[in-house]
Amino acid sequence: MARAATAIRHTHKMQGGDRNRPVLLLEWYDRNRRLLPWRALPGEPVDPYRVWLSEIMLQQTTVKTVGPYFEKFLARWPDVAAMARASLDDILRMWAGLGYYSRARNLHACAVKVLRDHGGRFPDTEEDLRALPGIGPYTAAAIAAIAFNRRTMPVDGNIERVVSRLFAVDEPLPKAKPRIHTLAATLLGPSRSGRDGKSRAGDVKTRAGRDGKSRASDVKTRAGDIAQALMDLGAAICTPKKPSCVLCPLSDDCAARARGDQETFPRKTPKKAGELRRGAAFVVRRGSEVLVRTRPAKGLLGGMTEVPTSTWLAAQDDTAALKQAPCLESAPRWRRKAGAVTHVFTHFPLELAVYTAAVARRTAAPEGMRWVPIARLNDEALPNLMRKVIAHGLGDEMEIHALATRRKQQEGPPA
DNA sequence: AAGCCGTGGCC
DNA sequence: TGGCCAAGGCT
């Protein structure tokens, strides 16, 4: 990692070198930082609740997708105590469509724990944060750095990419994680002796100094900004494909760029694709109502609402799936809708045949199921898969149309 | 420790 | 169009 820049280390314009990277990053960040709803403006106090909420939502989820959800959650639950008082079902309904629903369960559990065990204030150390549900190594470091200016480096996918290029880490992920983390931490600059990294009392909760002025030279008290600089850099410049190296503040210092193969980083070991699973979904209408049930609390789509379905198995044929239709007193005639609903989960693709039936007005819901007015489906914790299934089953009929097209119109999450 | 866990956008 | 990617955590 020693580089030729040594010769100009002490000149007034240093180009590269380990010690200079944090300053270059902060200078770039002070000019190019994104304005995000959960991000404090320079000089503004940081709200750990907002940092936490955004970090949970942003786990494996894009900034664009999170935006409207974050605003809705914040408007409804302005602080941890308010969220702790909410019901899990209310949170699941607000979360519907965001995916990875265990995050919503942990969100609620975390709020309850912060209120009960920490008096409604988030702990300000990485270790204590790590003990909270839904907060792993990354999120603990992110909150500690961004909300409390702890000198620690959260390493997300963006930073893995930036760092793997900067140092040309040839070893593939995930094996390279420890090395990348070590290298990433060097971007915080040299540590001070006798401190754990928490900055002076007056600076703890503000970005870039009390006066709101950005000081790129103030490396030691801006760990959170260095981390966010790397994330913004990864999102805007050091992108997975076609990175804009000419605009990068670290380009003169980038090992991959020097080799010309920056797009090949980070290296990754390929993972095996999941096998296609098939099944059937049953859309039963009783007048203007449909039959639904709640999925088991944990596991796939845990705690979410669904229409009854067969098991989802590899190589399951339609006949086998149809035999698992819900038992209704009036023994309806099932009609198979043309086509099918396909959905891709992280670990397997799914193809669901959709059967519809109409039953008499006072038909009872089978054990564990219930009738819901179609007009009120938006109040349910309906994952997008089930929105697709219901839209397919009901076709272009009336109210459901709004349900099916809600997302396309970018109206955001259900109210 | 590797598999489980959603969804939408992009090229 | 399909594979990749996105501010990962849990078991």
Side-chain angles (χ1 to χ4, degrees), chain A residues 34 36-39 50-70 92 95-107 109-110 129-147 153-162 173-175 177 181 184 224 227-236 238-242 263 266 268-277 295-304 306 312 342-350 381-388 406-408 410 412-413:
Chain A
R34 289 177 289 179
L36 300 172
W38 45 86
R39 205 175 251 185
R50 297 189 193 207
V51 175
W52 164 71
L53 179 58
S54 68
E55 288 299 341
I56 302 299
M57 288 184 165
L58 286 162
Q59 286 168 6
Q60 301 289 284
T61 310
T62 58
V63 166
K64 182 176 192 284
T65 301
V66 165
Y69 282 88
F70 178 83
L92 282 176
W95 196 277
L98 245 195
Y100 285 129
Y101 298 99
S102 68
R103 290 185 298 171
R105 283 179 261 134
N106 286 330
L107 189 79
C110 184
L129 287 162
R130 181 68 183 76
L132 265 15
I135 298 183
Y138 162 77
T139 306
I143 297 174
I146 296 170
M153 180 63 80
V155 181
D156 68 342
N158 279 314
I159 298 183
E160 276 180 351
R161 185 172 59 255
V162 173
L173 289 169
K175 204 175 179 193
K177 276 177 182 289
H181 190 276
Q228 292 180 95
L230 283 166
M231 294 181 201
D232 282 15
L233 194 64
C238 197
T239 50
K241 293 167 202 167
K242 307 220 179 212
E263 278 194 62
K268 293 188 178 179
T269 55
K271 41 190 160 190
K272 18 193 166 186
E275 196 178 356
L276 173 68
R277 300 184 198 178
R295 292 178 61 88
K298 294 183 179 178
L300 187 66
L301 304 174
M304 304 296 285
E306 68 173 2
W312 306 346
T342 60
H343 194 77
V344 181
F345 290 103
T346 308
H347 50 303
F348 68 92
L350 176 66
L382 264 193
N384 280 357
L385 165 63
M386 289 301 149
R387 293 179 186 275
K388 286 197 273 184
R406 181 179 57 82
R407 178 167 305 280
K408 295 187 199 302
Q410 294 199 329

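The figures that follow rest on heavy atoms only: side chains count, while hydrogens, waters and symmetry mates do not. So you know, we letter chains A, B, ... as the sequences are listed, proteins then strands, and number each from 1.
- A:Pro383 comes within 4.0 angstrom of the backbone, heavy atoms only, and of no base.
- Look at CZ on A:Phe345: it is 13 Å from P on B:dC4, rounded to the nearest Å.
- Counted within 6.0 Å of CD on A:Glu263, heavy atoms from surrounding residues, nucleotides or ligands total more than 12; the atom is thus considered enclosed.
- Look at the P atom in both B:dC5 and C:dA6: the space between them is 22 Å, to the nearest Å.
- Taking atom CD of A:Glu306 as the reference point, atom P of B:dG6 lies 12 Å away to the nearest angstrom.
- In this structure, the OH atom of A:Tyr100 is 11 Å from the C1' atom of C:dC5, given to the nearest Å.
- Each of C:dA6, B:dG6, B:dG3 was ranked by its minimum atom distance to the side chain of A:Leu300; first place goes to B:dG6.
- Residue A:Leu350 contributes atom CG, which lies 11 Å from atom P of B:dT7 at whole-angstrom precision.
- The residue A:Trp95 sits apart from the nucleic acid: no heavy atom pair falls under 4.0 Å.
- For B:dG6 and C:dC5, the C1' atoms lie 14 Å apart once the distance is rounded to whole Å.
- Ring orientation note: the planes of A:Trp312 and A:Phe345 are close to parallel, at an angle under 30° on the 30°/60° scale.
- For A:His347 and B:dG3, the shortest distance from a side-chain N or O to OP1 or OP2 is not below 4.0 Å.
- For the P atoms, the distance linking C:dC4 with B:dG3 amounts to 16 Å, nearest Å.
- Side chain A:Thr62 to base B:dG8: no donor-acceptor pair is found below 3.5 Å.
- Using modelled atom types, one finds no donor on one side chain facing an acceptor on the other under 3.5 Å when comparing A:Tyr138 with A:Gln59.
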Q: Show your reasoning for whether side-chain contact (heavy atoms from CB on, under 4.5 Å) applies to A:Leu301 and A:Glu306.
A: CA-CA 9 Å; A:Leu301 304 174; A:Glu306 68 173 2; 5.8 Å; no
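- Looking at heavy-atom distances under 4.0 Å, A:Leu385 makes contact with sugar-phosphate atoms alone, never a base.
- The 5' end of DNA chain C is approached more closely, in terms of each residue's nearest nucleotide, by A:Arg34 than by the other of A:Arg34 and A:Lys298.
- Of the inter-residue distances, the one linking A:Lys177 atom NZ with A:Glu160 atom CD reads 3.5 Å to the nearest 0.5 angstrom.
- Across all strands, A:Gly299 comes closer than 4.0 Å only to sugar-phosphate atoms, never to a base (heavy-atom distances).
- Distance A:Lys271 NZ to B:dC4 P: 12 Å, rounded to the nearest Å.
- Residue A:His343 has a polar side-chain atom (N or O) positioned under 4.0 Å from OP1 or OP2 of B:dT7.
- Distances shorter than 4.0 Å separate some side-chain N or O of A:Lys268 from OP1 or OP2 on C:dC5.
- Nucleic acid contact for A:Pro137: sugar-phosphate only, since backbone atoms but no base atoms lie under 4.0 Å from a heavy atom of the residue.
- Among the protein residues, A:Val66 comes within range of no part of the nucleic acid, since none of its heavy atoms lies under 4.0 Å from any strand.
- For the pair A:Arg103 CZ and B:dC5 P, the computed distance is 15 Å after rounding to whole Å.
- What separates CG of A:Leu301 from C1' of B:dC4 is a distance of 12 Å, to the nearest Å.
- Side-chain to base pairing of A:Thr61 with B:dG6: one donor and one acceptor N or O lie within less than 3.5 Å of each other.
- Between A:Gln60 and C:dA6 there is no side-chain N or O to OP1 or OP2 distance below 4.0 Å.
- Taking only side-chain atoms of A:Tyr138, from C-beta outward, the nucleotide of C:dG8, B:dT7, B:dG3 with the closest atom is C:dG8.
- Side-chain contact between A:Ile146 and A:Trp38: absent, with no pair of heavy atoms (C-beta onward) separated by less than 4.5 Å.
- When each of A:Arg161 and A:Gly136 is assigned the nucleotide of DNA chain C with its nearest heavy atom, A:Arg161 is the one assigned upstream, toward the 5' end.
- Protein atom CZ of A:Arg295 is 8 Å distant from nucleotide atom P of B:dG6, rounded to whole Å.
- Between A:Ile56 and A:Gly134, the shortest heavy-atom distance links the atoms CD1-O, 3.6 Å.
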